[in-house]
Undergrad: 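Input: one structure, supplied below.
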Number of protein chains: 2
Amino acid sequence: MTVSKTAEKSSEKSGEAAKGRKDAGEPLAETLQLGELSEQLGYVLKRAQLKVFENFLRCMASLQLTPAQFSVLLLVEKNPGRNQTEIASTLGILRPNFVAMLDNLESRDLCARIRSTNDRRSHILVLTDKGKAVLARAKKLVATKHEARLNDLLGQSNREALIAMLSKIANEF
Amino acid sequence: MTVSKTAEKSSEKSGEAAKGRKDAGEPLAETLQLGELSEQLGYVLKRAQLKVFENFLRCMASLQLTPAQFSVLLLVEKNPGRNQTEIASTLGILRPNFVAMLDNLESRDLCARIRSTNDRRSHILVLTDKGKAVLARAKKLVATKHEARLNDLLGQSNREALIAMLSKIANEF
DNA sequence: GATATTTGATATGGTCCATAACAATTATCA
DNA sequence: TGATAATTGTTATGGACCATATCAAATATC
């Protein structure tokens with residue numbers, strides 16, 4: 001059956017729903033009204049976050065890095081000589097959950113745990129050479145394929161304003 | 001905000017980069033450097049989202065509504081006569097996962113499933129009287145305690161700009 | 001009427017998040 | 001000093017959320 005794409009979409013909302021499907025040629029489901037939902041901060045924030053993470057994963061497919069893993073590598077690079085507790089806590093990751101994450105990165109030879117000589121309980125985290133190389137490539141991918149997309153979408157100044165507002169929310173809300 | 005990139009190679013934990021502020025003798029507040037992380041869209045977006053959800057839950061503690069549940073009630077109210085598949089899909093919720101969610105709302109007498117007379121496979125969703133009352137109170141709480149906080153933090157125009165940008169990202173990224 | 005599709009539902013597995021508990025090590029202090 | 005407390009990494013475990021396969025009932029399609 002060929003369906004003619006009628007651009008006409010009557011937004012009829014019959015409370016009785018007496019309209020049957022016997023009338024052929026009406027297979028397109030009318031889009032629901034979001035209403036106040038589209039103005040809800042949490043709703044739009046969550047949707048945006050999902051889209052951004054999804055895009056991030058696509059951009060990083062060749063390196064197989066998740067946003068969380070990328071953040072760990074960035075933080076370890078920026079703060080060499082820190083232990084697991086310090087890195088995890090500043091990222092909001094609980095220590096127990098950080099173990100498997102590090103096991104993964106270490107098994108891929110991206111970072112390493114080094115037993116501290118000062119405090120033999122703690123493991124100092126460092127990037128391996130491969131980890132540094134991978135992070136460098138990851139940064140380029142993120143900058144050119146991911147963050148650049150924001151500029152295309154919002155423009156430079158809006159992009160900076162957005163980041164600033166989100167940071168403010170993250171820190172002061 | 002450009003940070004001077006000092007080629008720090010010091011692996012000692014006391015090695016701090018020059019920040020213009022010098023304090024000695026103290027056990028160094030141990031605040032890690034976020035570095036490029038604070039400019040990463042995904043990072044700041046996720047942190048903001050967590051904070052907003054956390055605040056939402058606090059504001060709704062008296063009504064025991066999660067953001068997802070609130071969005072369902074809002075959508076059902078705005079679109080009466082729709083079935084589970086339609087409501088769930090527009091919220092990005094998979095049908096199997098929507099079942100338990102509805103079981104919860106229905107057990108609390110907030111919404112009800114009504115077997116459709118047209119298509120006896122589908123369940124039409126409606127708000128109960130209690131559901132409408134709870135949603136009305138929820139809206140007020142959200143407006144006065146939750147969204148209002150954004151105005152205090154960003155101001156009215158910035159708040160609207162933020163919502164608009166997030167919507168754009170959610171729809172076009 | 002035979003077959004395919006849709007709807008709600010169940011079962012199941014994966015990922016993330018949170019808490020308790022443990023051994024090894026270090027800090028505290030009586 | 002030695003007994004006790006605290007910290008670090010770790011394991012185990014449970015909950016919340018997300019995704020897929022599958023099913024029975026109802027409907028659509030041919």
Undergrad: Tell me, please, which residues at least two apart from B:F56 pass ring pair (Phe, Tyr, Trp, His ring centres under 6.0 Å).
TA: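 Here the qualifying residues are B:F70, B:H146.
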Undergrad: Rounded to the Å, how far apart are A:M101 CE and C:dC17 C1'?
TA: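 One finds 13 Å between C1' of C:dC17 and CE of A:M101, rounded.
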Undergrad: Calculate the interatomic distance between B:I87 atom CD1 and C:dT6 atom P; express it in whole Å.
TA: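 The distance from CD1 of B:I87 to P of C:dT6 comes to 19 Å, rounded to the nearest Å.
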Undergrad: For the pair made of CG in B:D119 and P in C:dT6, what is the distance, rounded to whole Å?
TA: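 The answer, rounded to whole Å, is 12 Å.
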Undergrad: Could you note down all residue pairs passing side-chain hydrogen bond (donor to acceptor under 3.5 Å, both in side chains) where residues 92-103 of chain B supplies at least one of them, sequence neighbours left out?
TA: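 Matches after skipping sequence neighbours: B:D103-B:R113.
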Undergrad: Please enumerate all residues that pass side chain to side chain contact (heavy atoms under 4.5 Å, CB included) together with B:L153, with sequence neighbours excluded.
TA: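 Testing B:L153 for side chain to side chain contact (heavy atoms under 4.5 Å, CB included), a comparison that skips the adjacent residues, returns A:K168, A:I169, A:E172, A:F173.
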Undergrad: Hydrophobic side-chain clustering at under 4.5 Å (ILVMFWY, transitive links): who's grouped with B:I124? Put none if nobody.
TA: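 In the cluster with B:I124 are B:I114, B:V126.
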Undergrad: With sequence neighbours left out, what residues match A:H123 under ring pair (Phe, Tyr, Trp, His ring centres under 6.0 Å)?
TA: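 Partners of A:H123 by the ring pair (Phe, Tyr, Trp, His ring centres under 6.0 Å) criterion come out as none, since no residue qualifies.
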Undergrad: Any chain of hydrophobic side-chain contacts (each under 4.5 Å) joining B:L91 to B:V99?
TA: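 Cluster IDs for B:L91 and B:V99 differ.
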Undergrad: Classify every nucleotide of nucleotides 9-20 of chain D by which part a protein heavy atom approaches to under 4.0 Å, writing B for the base, S for the sugar-phosphate alone and - for neither, in 5'-to-3' order.
TA: SBBB-----BBB
Undergrad: To the nearest Å, give me how far apart CZ (B:F98) and P (C:dA9) are.
TA: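 That distance rounds to 10 Å.
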Undergrad: Mind checking side chain to side chain contact (heavy atoms under 4.5 Å, CB included) for A:A68 and listing every partner two or more places apart, or none if nothing turns up?
TA: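 In terms of side chain to side chain contact (heavy atoms under 4.5 Å, CB included), with neighbours along the sequence ignored, A:A68 is linked to A:T66, A:M101.
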Undergrad: For DNA chain C, which residues of residues 51-58 of chain B approach it to below 4.0 angstrom with any heavy atom?
TA: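 Under 4.0 Å from DNA chain C: no residue of residues 51-58 of chain B.
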Undergrad: What pairs with B:N104 under side chain to side chain contact (heavy atoms under 4.5 Å, CB included), at least two apart in sequence or on another chain?
TA: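 B:N104 satisfies side chain to side chain contact (heavy atoms under 4.5 Å, CB included) with B:Q69, B:S107, B:R108 once adjacent residues are dropped.
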